[in-house]
Amino acid sequence: MSSKSSARLAALTVAAVCTAASTVVLTSPAHADSVRIHDIQGDTRTSPYAGEQVTDVTGIVTGVRTYGSSRGFWIQDPAPDADPATSEGVFVFTGSTPQGVAVGDAVTVSGTVTEYVPGGTSSGNQSLTEITRAAFTVVSSGNAVPAATPITARSVPAAYTPVPDGSVDDLPLRPARYALDLYESLEGMNVQVSDTRVVGATDPYTELWVTVKPREHRNLRGGTVYGSYDSQNTGRLQIQSLGRAADFPDANVGDTLAGDTTGPLDYNQFGGYTLVASDLGTLESGDLRRETTRRQHRSELAIATYNVENLDPSDDTFAAHAAAIVDNLRSPDILSLEEIQDNNGATDDGTVAADRTLATLIDAIEAAGGPRYDWRAVDPADKEDGGQPGGNIRQAFLFNPARVSFTDRPGGDATTPTDVVKVRGQAALTLSPGRIDPASAAFEDSRKPLAGEFRFRGRTVVVIANHFASKGGDQSLTSRYQPPSRSSEPQRHLQAAAVHDFTAKILKTQKNARVVALGDINDFEFSATTAILEGRGTLWSAIKSLPESERYSYVYQGNSQVLDQILITPSIRRFSYDSVHINAEFHDQISDHDPQVLRFRP
């Protein structure tokens, strides 16, 4: 069972009794007779009938969901009212596979109106209006399904949501003014999108993202770029299917779902508003190709960062990662790797060493025609660095000894911090490799920065490999709270301050020191996290040297965005930067991150 299904199953019992943690239900339901669906939905996000019994609600069945834990069917009133804010559709939750009901049936439904919150109330998600504890009667079959409401570039407002600095639950819906209000006003209804471009590749849960606004922050590869907190990209919509998973298309960013995609509009924990398609458009390939960066010149030092997504010796992706490093990244001189797991991966038995993981990757790179890399890392203390339980992820350096040398200063371990001293007029690390401030609360249950000294053509370059705290726990863009809370941000701010201060100490010791701080920063180039890292001229995020449309390393919910960065000190002036798109836009990705490459002449 998928984690998504498990989450839903935990929230609702098979008998369709809703838990207090996930719903808003009155304890002593009243009764409401002769109400229509638009009465139940009302003109706000929560039903005026929440917690009440309703009787003989009429509608035409527009979709039946027979899989997962959220089983039931959608009904829609074929005689709508004149209010565009009130939806004419609603989901009838049955818990188990609904029997004796089909699309086109006219039904009457009695049950309890419930506001179900996918992910629980602590998630901050909006609620989904449902009829639960339902009893239904089929009145007739073979009726015409209410015509699908088109969702188009013209119909979706440019403004995303009102910003009340709090809950939007009770605000009257204004679907002509705000995109989230429009989607809410269509909740449960039969909707349609046509000839939409894919902006988020098919994932393992058979979901993809499209946009109904083809010009909205489009980049040359077909994605939709997330460039600020105020440009949420209102045309994005998640697509699932009511059909077999095997029939769902394997789509990449830039592909097109040609023709019409039609079905009820749902709201779920993992993406918000979702068109659950009874009819899917035809996939047309955009012929997206994986990028290849140029090879560094002899006098250029090439440094890359690459999140290899929980790599351990049991994985079958080593050859693919090796090919990416050799063919797409052109064998960078120094490679900072994130999410290197220990030698037995997620097995939680106290193992922390990762020498087998790294040796297996190095062997694969050599077999793919690359150099024989050497490596340096510091093993974490067991279960102290977060990530997949038992995996003990950490950063590690690979480097090509034919091009660069590593300055070893022994003594670095999980808990001993490295420091900065002056040696013959230059800044030097006391431990190399060594960890930056590993006992700090900033790095509690998170990866500690790894610092190392390298020599290239007689020049020293200090490299700091990072993997900041994830965005787990942040509220979604479709949250009932606007603006959504980014609860994970304060820890990243502390981490950014620690790395900035360490870099500033190096520059205070040697004004023209060459420092590269890189990795999975887990935050955007326009974020406060990046601003703290940069400080006042200490570091600069080199991805900002790219045009705005090319700044992304990750695709989340149809937004192409920056999580991986390479930051440089002022002495690194002549450089080239490349975000090498080989993973994030593809359904057959070997990691969810794209690597980044910096080339410069020290």
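Worth saying up front: this structure is predicted, and the values here are computed from it rather than measured.
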So do the side chains of [X] and [Y] get within less than 4.5 Å of each other, counting heavy atoms only?
{"X": "L337", "Y": "L361", "answer": "yes"}
{"X": "N559", "Y": "R236", "answer": "yes"}
{"X": "E453", "Y": "R409", "answer": "yes"}
{"X": "N252", "Y": "E585", "answer": "no"}
{"X": "R599", "Y": "T293", "answer": "yes"}
{"X": "T292", "Y": "D327", "answer": "no"}
{"X": "V378", "Y": "R394", "answer": "no"}
{"X": "Q238", "Y": "Y273", "answer": "no"}

Next on the checklist: Quick check on F526: does its CZ atom have over 12 non-hydrogen neighbours (other residues, nucleotides or ligands) under 6.0 Å away?
Outcome noted: yes
Next on the checklist: Check this for me: R289, atom CZ, are more than 12 non-hydrogen atoms of other residues, nucleotides or ligands nearer than 6.0 Å?
Outcome noted: no
N/O donor-acceptor pair under 3.5 Å between [X] side chain and [Y] backbone:
{"X": "Q495", "Y": "A442", "result": "yes"}
{"X": "R376", "Y": "G452", "result": "no"}
{"X": "R514", "Y": "P602", "result": "yes"}
{"X": "S241", "Y": "F248", "result": "no"}
{"X": "N400", "Y": "P371", "result": "no"}
{"X": "D203", "Y": "T206", "result": "yes"}
{"X": "T569", "Y": "V515", "result": "yes"}
{"X": "S476", "Y": "T478", "result": "yes"}
{"X": "N219", "Y": "H217", "result": "no"}

Checklist entry - Quick one: does NZ or CZ of R290 land under 6.0 Å from the six-membered ring centre of F586, within 45 degrees of the ring axis? => result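 Geometry flag: set, cation within 6.0 Å and 45°.
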Next on the checklist: Taking the cut-offs as 6.0 angstrom to the six-membered ring centre and 45 degrees off its axis, would you call R65 and F93 a cation-pi pair?
Outcome noted: no
Checklist entry - Can you check side-chain hydrogen bond (donor to acceptor under 3.5 Å, both in side chains) on E207 and Q240, steps first, answer last? => result CA-CA 5 Å; E207 299 162 345; Q240 293 178 338; 2.7 Å; yes
Next on the checklist: Give me each pair satisfying ring-ring contact (aromatic ring centres under 6.0 Å, His included) with a member in residues 350-381, each pair once, sequence neighbours excluded.
Outcome noted: none
Next on the checklist: My understanding is that only residues two or more places apart in sequence, or in another chain, count here; which of them pass side-chain contact (heavy atoms from CB on, under 4.5 Å) with P313?
Outcome noted: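 P313 satisfies side-chain contact (heavy atoms from CB on, under 4.5 Å) with R356, T357 only.
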Item to check | Y552 ring center within less than 6.0 Å of H581 ring center | outcome: yes
Hey, can you pull the donor-acceptor pairs under 3.5 Å for the side chains in residues 381-390, sequence neighbours left out?
residue	atom	partner	partner atom	Å
D382	OD1	N392	ND2	3.1
K383	NZ	D348	OD1	3.1
D385	OD1	K448	NZ	2.8
D385	OD2	R435	NH2	2.5
Q388	OE1	Q341	NE2	2.8

Checklist entry - So F524 and Y229, would you call those rings parallel, tilted or perpendicular, with 30° and 60° as cut-offs? => result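 Perpendicular, since the angle between the ring planes exceeds 60°.
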